[in-house]
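Data first, discussion second: the structure below is written as structure tokens.
Reminder, nothing fancy here: chain letters follow the sequence lines and each chain counts from 1.
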2 protein chains.
Amino acid sequence: MSTATPATIEDVARLAEVSIATVSRAIHTPDKVAKSTRQRVNQAIAITGYTTNAMARSLRMGRSNMILVLAPDIGDPNFSPILIGIENEARAHGYGVLIGHTQNDPERGLDYLKFLNSNQAAGLVLFTGHEPFGHQELSQRLPPTVAVFEPVFGARVSYVGVDDTAGARKAAEYLLASGHRSIAFIGDSRTKLGHVRRRKGYDLALDAARIAPDRRIVIEGEGSVESGRLAVEQLFMRDTLPSAFMCVNDATAIGVINGLAARGYDLPRDFSVIGFDDVAQATYLHPPLTTVRQPRSAIGRQAMALLLKQLTEPGEGTQEILIMPDLIVRGSVTSAMRSR
Amino acid sequence: MSTATPATIEDVARLAEVSIATVSRAIHTPDKVAKSTRQRVNQAIAITGYTTNAMARSLRMGRSNMILVLAPDIGDPNFSPILIGIENEARAHGYGVLIGHTQNDPERGLDYLKFLNSNQAAGLVLFTGHEPFGHQELSQRLPPTVAVFEPVFGARVSYVGVDDTAGARKAAEYLLASGHRSIAFIGDSRTKLGHVRRRKGYDLALDAARIAPDRRIVIEGEGSVESGRLAVEQLFMRDTLPSAFMCVNDATAIGVINGLAARGYDLPRDFSVIGFDDVAQATYLHPPLTTVRQPRSAIGRQAMALLLKQLTEPGEGTQEILIMPDLIVRGSVTSAMRSR
DNA sequence: ATCGGTCATGTAAAGGTTTACATACTGCTG
DNA sequence: CAGCAGTATGTAAACCTTTACATGACCGAT
């Protein structure tokens with residue numbers, strides 16, 4: 001029963017008085033073994049508490065049934081809901097999910113690369129926005145991979161995420177419809193592809209509203225709470241204040257709100273702020289944040305579905321799936337008429 | 001170089017013109033192989049890009065060098081900093097870390113149990129507050145385990161966490177020192193051991209201040225934002241309002257703050273609120289939350305250190321390490337004199 | 001009665017390691 | 001020069017599976 005070492009297929013075979021091959025078949029291709037034998041085997045399995053040794057199995061088969069999800073920051077509020085989408089879809093198809101935390105450290109990435117190299121994962125989901133490994137050359141023998149949330153910079157990897165451009169455009173159009181004409185964009189349009197796309201949505205909306213490019217205010221910020229706060233400081237330095245802040249994500253928006261509150265302004269009366277992501281926290285801010293909602297669990301689900309497709313039909317082609325997000329109107333945007 | 005299939009030890013052996021045994025020795029016990037041979041092997045390894053197949057290795061050795069961390073909710077703001085502590089300590093000793101997300105679903109727990117059963121992890125860290133598996137009987141062959149953050153309910157498992165009682169007592173004493181005499185406690189004193197301990201800290205402080213038990217207000221709440229909001233509603237029903245709210249954790253405190261704000265109260269003027277955990281968000285609340293800080297990375301580090309000790313010296317004894325937390329004073333508590 | 005085919009099961013190899021044991025060589029000691 | 005200790009390396013078994021191939025029994029058709 002509960003011996004120190006787990007039961008092997010051999011223990012089961014002995015108890016059921018068959019060969020180990022028959023046991024294996026009884027488990028994986030039950031129709032290939034006679035009914036009576038099958039019953040005996042199942043009984044023996046129940047008695048011994050046998051569980052197939054996944055490691056030996058994967059070693060033999062040259063492929064496991066685990067999916068590795070790599071994230072630089074587990075704490076990212078977007079991560080957990082996406083993960084749940086991934087897990088549900090994976091589980092429905094008999095795959096398990098493991099998470100690797102890279103902390104953006106190439107050393108750590110390499111650890112997980114070794115893991116992959118040993119065939120311990122059949123597929124890979126990247127939440128990193130870039131390849132997590134220092135040595136590219138090794139990447140060539142990566143398993144089927146799909147990136148979520150942030151496209152991978154300059155690599156042919158499938159991607160599932162929100163339609164950043166369309167979402168950002170919705171946000172900007174909402175600000176415009178509220179009467180704002182001086183709208184600042186805060187984000188990193190230099191290195192982050194997702195940010196670049198959101199910036200594009202902003203530009204498209206302002207173009208359509210015939211707001212001249214030189215009347216736009218764009219502040220660089222890498223997308224953290226701190227960067228939002230800094231952006232506010234910068235604007236005060238310059239002394240060119242917009243009536244609305246369009247932030248590349250909610251974290252930045254939180255920084256902006258804090259920065260403005262710290263200077264004694266009353267939101268949303270004095271300034272409007274809009275975010276992107278709709279993190280859980282957004283509802284609890286003062287004012288509650290108007291933002292663009294990431295369809296997180298849909299992203300996870302579709303990413304996993306795509307990965308599974310790539311696993312079963314290894315037909316090279318990488319694919320990009322963009323999901324349209326919704327604007328969630330809360331209280332952080334007001335009509336521009338009342339303010340300056 | 002980069003063939004389709006990864007290089008094996010055999011490829012290295014052929015290239016270095018030695019046997020596979022020598023290669024293995026050159027890697028793991030270098031002093032047992034002649035210097036010149038060692039050099040040749042290392043060269044061959046470099047050329048082939050050989051990486052030892054962790055799966056085959058673990059299968060042979062009957063133990064891996066991965067640690068599995070099981071969490072019901074990856075998104076818990078306490079999780080990520082603890083995890084980092086765990087990872088740093090693990091990495092320093094040559095272990096890798098994988099995370100399993102159970103979502104409190106026994107089915108999923110069972111998946112990870114299979115993982116463990118295959119020796120795919122040498123040790124286990126539980127962030128669950130309970131055993132994550134439906135079938136207890138199987139738990140008997142669990143690898144060395146330590147629980148963090150929340151002690152495991154009724155099981156002999158080592159534990160590393162904050163000293164809940166002492167921390168809660170500090171919080172309560174601070175409220176008392178601020179002149180509050182009517183202090184509500186909101187938490188789940190029935191099923192959650194951590195909550196029970198915090199409640200005890202609350203009771204000890206109030207005992208010492210000679211506040212009669214029948215003048216204490218205790219509201220049951222399971223520790224979510226929603227439960228905090230609900231607790232406020234309950235208190236308004238009863239019409240017995242405290243001057244201060246001592247919340248079992250920050251999530252509850254956020255709920256309380258929102259509940260009070262929704263009813264039009266001005267914090268911290270009208271009510272004082274204190275939390276426990278010091279989540280990242282705490283600084284950005286209105287008012288900024290006074291709370292007890294979890295020494296998160298220390299918990300992670302010490303937990304991993306303890307686990308490593310258990311791995312090397314399998315000497316049965318389970319151990320409990322309690323770390324003393326600090327009170328972080330921000331703006332959510334004011335002197336009771338000014339309010340009612 | 002022989003043959004061919006189907007079905008149920010067994011035998012053994014393979015997957016990539018680690019390591020106990022065996023072997024072969026070198027250089028000493030007596 | 002026999003004998004021995006020590007060092008460097010090789011051989012092969014073991015870890016636990018899956019699966020191609022072989023075996024043998026049985027049945028129906030010739």
Side-chain angles (χ1 to χ4, degrees), chain A residues 3-42 44-45 48-66 114-120 122 141, chain B residues 3-42 44-45 48-66 114-120 122 141:
Chain A
T3 46
T5 96
T8 76
I9 201 172
E10 206 136 0
D11 299 330
V12 176
R14 201 165 333 149
L15 195 60
E17 297 179 297
V18 293
S19 75
I20 59 170
T22 303
V23 175
S24 180
R25 275 189 291 254
I27 296 171
H28 297 104
T29 50
D31 31 333
K32 285 196 176 176
V33 18
K35 198 169 166 190
S36 64
T37 321
R38 204 186 320 152
Q39 283 176 343
R40 237 174 333 131
V41 170
N42 286 335
I45 289 177
T48 53
Y50 171 72
T51 272
T52 113
N53 181 320
M55 207 158 29
R57 171 171 221 265
S58 304
L59 176 59
R60 173 61 228 255
M61 309 245 293
R63 115 204 284 266
S64 85
N65 55 165
M66 283 281 171
K114 279 187 197 167
F115 187 79
L116 293 168
N117 247 330
S118 310
N119 289 323
Q120 284 181 91
R141 35 177 104 104
Chain B
T3 47
T5 95
T8 75
I9 201 174
E10 206 137 358
D11 300 329
V12 177
R14 201 166 333 147
L15 194 61
E17 298 178 298
V18 293
S19 75
I20 60 170
T22 303
V23 176
S24 179
R25 275 189 290 255
I27 295 171
H28 297 103
T29 49
D31 31 332
K32 285 198 178 176
V33 20
K35 199 168 167 190
S36 64
T37 321
R38 206 187 318 153
Q39 284 175 343
R40 239 174 331 131
V41 170
N42 286 334
I45 289 178
T48 53
Y50 170 73
T51 270
T52 114
N53 182 319
M55 207 156 32
R57 172 172 221 266
S58 304
L59 176 59
R60 172 61 229 251
M61 308 246 295
R63 114 203 286 263
S64 85
N65 54 164
M66 284 281 170
K114 278 187 199 167
F115 187 80
L116 293 169
N117 247 330
S118 310
N119 289 322
Q120 284 183 90
R141 35 177 103 103

Please tell me if [X] has a side-chain N or O lying less than 4.0 Å from either OP1 or OP2 of [N].
X      : N       : result
T8(B)  : dG16(C) : no
T22(B) : dG10(D) : yes
S19(B) : dT11(D) : no

Sugar-phosphate, base or nothing in reach of T37(B), heavy atoms under 4.0 Å: sugar-phosphate
Sugar-phosphate, base or nothing in reach of A21(A), heavy atoms under 4.0 Å: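 Counting heavy atoms under 4.0 Å across all strands, the contact made by A21(A) includes a base.
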Non-hydrogen atoms of V33(A) and T37(A) that approach each other most closely: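 Heavy atoms of V33(A) and T37(A) come nearest at CG2-CB, 3.8 Å.
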Heavy-atom closest contact (S58(B) atom, M55(A) atom, distance):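 Nearest pair, atom of S58(B) first, then M55(A): CB-SD, 3.4 Å.
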5'-most by nearest nucleotide on DNA chain D - I20(B) or S36(B): S36(B)
Base of dG10(D) paired with side chain of R25(B) (donor-acceptor, under 3.5 Å):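 When only heavy-atom distances are counted, R25(B) does reach the base of dG10(D) through a donor-acceptor pair under 3.5 Å.
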base_contact_polar (dG15(C) base, R63(A) side chain, donor-acceptor, <3.5 Å): no
Using whole Å, what does the distance between atom [atom2] of nucleotide [N] and atom [atom1] of [X] come to?
X       : N       : atom1 : atom2 : answer
K32(B)  : dA20(C) : NZ    : P     : 8 Å
R57(A)  : dC16(D) : CZ    : C1'   : 12 Å
R38(A)  : dA8(C)  : CZ    : P     : 9 Å
M61(B)  : dC16(D) : CE    : P     : 14 Å
I27(A)  : dC16(D) : CD1   : P     : 15 Å
N119(A) : dA14(C) : CG    : P     : 19 Å
N117(A) : dG15(C) : CG    : C1'   : 15 Å
H28(A)  : dA8(C)  : NE2   : P     : 19 Å

Which nucleotide in dT17(D), dT17(C), dT9(C) has an atom nearest any side-chain atom of V33(A):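 Of the candidates, dT9(C) comes closest.
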Closest listed nucleotide, where the reference is the side chain of A56(B) and the choices are dT17(C), dA12(D), dT9(D): dT17(C)
Between CD1 on residue I27(B) and OH on residue Y50(B), distance to nearest 0.5 Å: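 Between I27(B) CD1 and Y50(B) OH, I get 5.0 Å after rounding to 0.5 Å.
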D11(A) CG to I45(A) CD1 distance, which is reported to the nearest 0.5 Å: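 One gets 11.5 Å once the value is rounded to the nearest 0.5 Å.
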T52(A), T51(A), N53(A) screened by side-chain contact (heavy atoms from CB on, under 4.5 Å) with K114(B), the one that passes: T51(A)
